Novice: 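Structure below; questions to follow.
Keep in mind that what you see is a predicted model, and the values were worked out from it rather than measured.
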Amino acid sequence: MDERTRPVSETQVTVAMDYGQFCLDGGLGDPDIELALLERAQADQPSAGNGAMLLVLCPHQNNFQMAVTVQVWPSRPPADRDHWQQVSEGRLEVDGRGVLSLSSPTTDPVEVLVPAGRYTVEISGRGFVNYGWPGSTTPGDVWRIRLWPYDGVTKSPAQMWDMPGFGVPENTPPPAPAAAEEPGRDSAAGTRTATATSTATAIDFAAHPELQKVLALRDFDD
């Protein structure tokens with residue numbers, strides 16, 4: 001068999017998924033941005049990432065015994081979307097520890113060994129019974145995560161589950177940012193007041209090399 005048609009590694013794990021979402025983190029993620037990723041995923045379903053983390057929405061509200069297969073491929077694997085109900089792609093960097101963490105709110109994360117590097121990631125799920133409460137805490141949906149070295153190719157469009165009798169849920173627009181007051185104006189008295197000004201300061205990457213790696217992920221954003 002051609003090595004390009006099979007993964008170089010495959011790991012099967014069980015993830016306790018709750019609140020209809022789970023997150024992939026290669027060691028560079030910040031839990032404080034999960035809410036922002038959730039809002040982005042809801043606005044453009046079913047997933048969103050920033051290169052350091054990738055958040056995926058699940059049709060089911062929960063599955064405390066969610067079977068997940070993690071595969072690492074040498075290049076983009078053969079397409080098989082017809083066998084899956086939900087499919088989406090993103091970008092993710094795995095740091096030098098070589099650990100991919102799969103987590104969901106209020107449950108313990110699961111770790112999988114993955115070689116360090118920048119990847120394109122495809123997340124596929126099937127076996128869905130409903131959007132929302134699935135009727136039990138172990139509804140039986142299964143997932144597969146395929147990673148291959150990032151090659152700059154544009155992501156394939158997402159595929160959503162078209163639930164019989166319901167269809168596909170609509171995207172939820174992100175919350176509108178709070179309106180900013182005009183600089184230097186007192187909103188109560190309607191008078192001009194003194195305002196502070198700020199000046200952009202160059203980051204000393206020689207003194208803080210760790211920042212250079214994290215900020216570089218902006219160019220790797222999905």
Novice: With the 4.5 Å side-chain cut-off for hydrophobic clustering, are L57 and L92 part of the same group?
Specialist: no

Novice: Mind listing the closest non-hydrogen atom pair of P74 and V8 along with its distance?
Specialist: CD-CG1, 3.8 Å

Novice: With a 4.5 Å limit on heavy-atom distance, are the side chains of R146 and D80 in contact?
Specialist: yes

Novice: Can you tell me how far apart CZ (R91) and CG (N50) are? Round to the nearest 0.5 Å.
Specialist: 13.0 Å

Novice: Would you say the side-chain atoms of R126 pair up with the backbone N or O of H83, donor to acceptor, closer than 3.5 Å?
Specialist: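 Yes: the side chain of R126 pairs with the backbone of H83.
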
Novice: Out of curiosity, C58 SG to Y19 OH, how far, rounded to the nearest 0.5 Å?
Specialist: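 Taking SG in C58 and OH in Y19, the distance rounds to 14.5 Å.
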
Novice: Can you list the steps and then say if Q85 with D141 is a side-chain contact (heavy atoms from CB on, under 4.5 Å)?
Specialist: CA-CA 10 Å; Q85 294 171 311; D141 53 305; over 6 Å; no

Novice: Side-chain contact test, heavy atoms from C-beta onward, threshold under 4.5 Å: evaluate it for V15 versus W143 and give yes or no.
Specialist: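 SC-SC contact between V15 and W143 ruled out.
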
Novice: Is the backbone N or O of E170 less than 3.5 Å from a side-chain atom of Q45, with the two atoms forming a donor-acceptor pair by type?
Specialist: yes

Novice: With a 4.5 Å heavy-atom cut-off, do S156 and R81 have their side chains touching?
Specialist: yes

Novice: For a 4.5 angstrom cut-off between non-hydrogen side-chain atoms, does I123 reach L54?
Specialist: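 A side-chain contact exists here, since the closest heavy-atom pair is under 4.5 Å.
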
Novice: Hey, does the side chain of D151 reach the backbone of V153 with a donor-acceptor pair shorter than 3.5 angstrom?
Specialist: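 Judged by distance alone, yes, a pair lies under 3.5 Å.
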
Novice: State whether the side chain of S47 and the backbone N or O of S88 hold a donor-acceptor pair below 3.5 Å, judged by distance alone.
Specialist: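 No.
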
Novice: Distance-only, no hydrogens or angles: does the R40 side chain make a donor-acceptor pair with backbone N or O of G49 under 3.5 Å?
Specialist: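 Present.
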
Novice: Following the transitive rule for hydrophobic clusters with a side-chain heavy-atom cut-off under 4.5 Å over Ile, Leu, Val, Met, Phe, Trp and Tyr, establish whether V68 and V142 coincide in one cluster.
Specialist: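 As far as the 4.5 Å side-chain criterion goes, V142 and V68 are not connected within one cluster.
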
Novice: Measure the spacing between CG of N63 and OG1 of T138 and express it to the nearest 0.5 Å.
Specialist: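 N63 CG to T138 OG1: 6.5 Å, rounded to 0.5 Å.
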
Novice: Can you tell me how far the OH atom of Y119 sits from the CD atom of E89, to the nearest 0.5 Å?
Specialist: 15.5 Å

Novice: Is any side-chain heavy atom of V99 closer than 4.5 Å to one of L113?
Specialist: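 They are in side-chain contact.
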
Novice: What heavy-atom pair brings P139 and S136 nearest, and what distance separates the two atoms?
Specialist: N-OG, 3.5 Å

Novice: May I ask whether M17 and V13 are part of the same hydrophobic cluster, defined by side-chain heavy atoms of I, L, V, M, F, W, Y residues being less than 4.5 angstrom apart, directly or through others?
Specialist: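 Yes, M17 connects to V13 through the hydrophobic network.
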
Novice: For residues P59 and Y131, determine if any side-chain heavy atom of one lies less than 4.5 Å from a side-chain heavy atom of the other.
Specialist: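 Yes - at least one pair of side-chain heavy atoms lies under 4.5 Å apart.
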
Novice: What is the distance from atom CG of L147 to atom CD of E122, rounded to the nearest 0.5 Å?
Specialist: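 Between L147 CG and E122 CD, I get 10.0 Å after rounding to 0.5 Å.
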
Novice: Nearest 0.5 angstrom please: I145 CD1 to F22 CZ, how far?
Specialist: 5.0 Å

Novice: With the 4.5 Å side-chain cut-off for hydrophobic clustering, are L55 and V87 part of the same group?
Specialist: no

Novice: Taking the side chain as everything from C-beta on, heavy atoms only, tell me whether F64 gets closer than 4.5 Å to T14.
Specialist: no

Novice: Indicate yes or no for a side-chain donor-acceptor contact from D18 to the backbone of S104 under 3.5 Å, with no hydrogens or angles considered.
Specialist: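 No: the side chain of D18 does not pair with the backbone of S104.
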
Novice: Grab the two heavy atoms, one from V129 and one from P134, that are nearest each other, plus how far apart they are.
Specialist: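 Scanning both residues, the minimum pair turns out to be CG2-O, 3.5 Å.
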
Novice: For the side chain of Q21 and the backbone of P105, is there at least one donor-acceptor N/O pair under 3.5 Å apart?
Specialist: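 Between the backbone of P105 and the side chain of Q21 there is no qualifying donor-acceptor contact (under 3.5 Å).
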
Novice: Between H60 and F128, how do the two ring planes meet: parallel, tilted or perpendicular, split at 30° and 60°?
Specialist: perpendicular

Novice: More than 12 non-hydrogen atoms from neighbouring residues, nucleotides or ligands closer than 6.0 Å to CD on Q65, yes or no?
Specialist: no

Novice: With the 4.5 Å side-chain cut-off for hydrophobic clustering, are V110 and V72 part of the same group?
Specialist: yes

Novice: State, with a plain yes or no, whether a side-chain heavy atom of L24 is found less than 4.5 Å away from one of L102.
Specialist: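 With C-beta onward as the side chain, the pair touches.
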
Novice: Please determine whether the number of non-hydrogen atoms from other residues, nucleotides or ligands lying under 6.0 Å from atom CZ of F166 exceeds 12.
Specialist: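 Result for CZ/F166: enclosed.
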
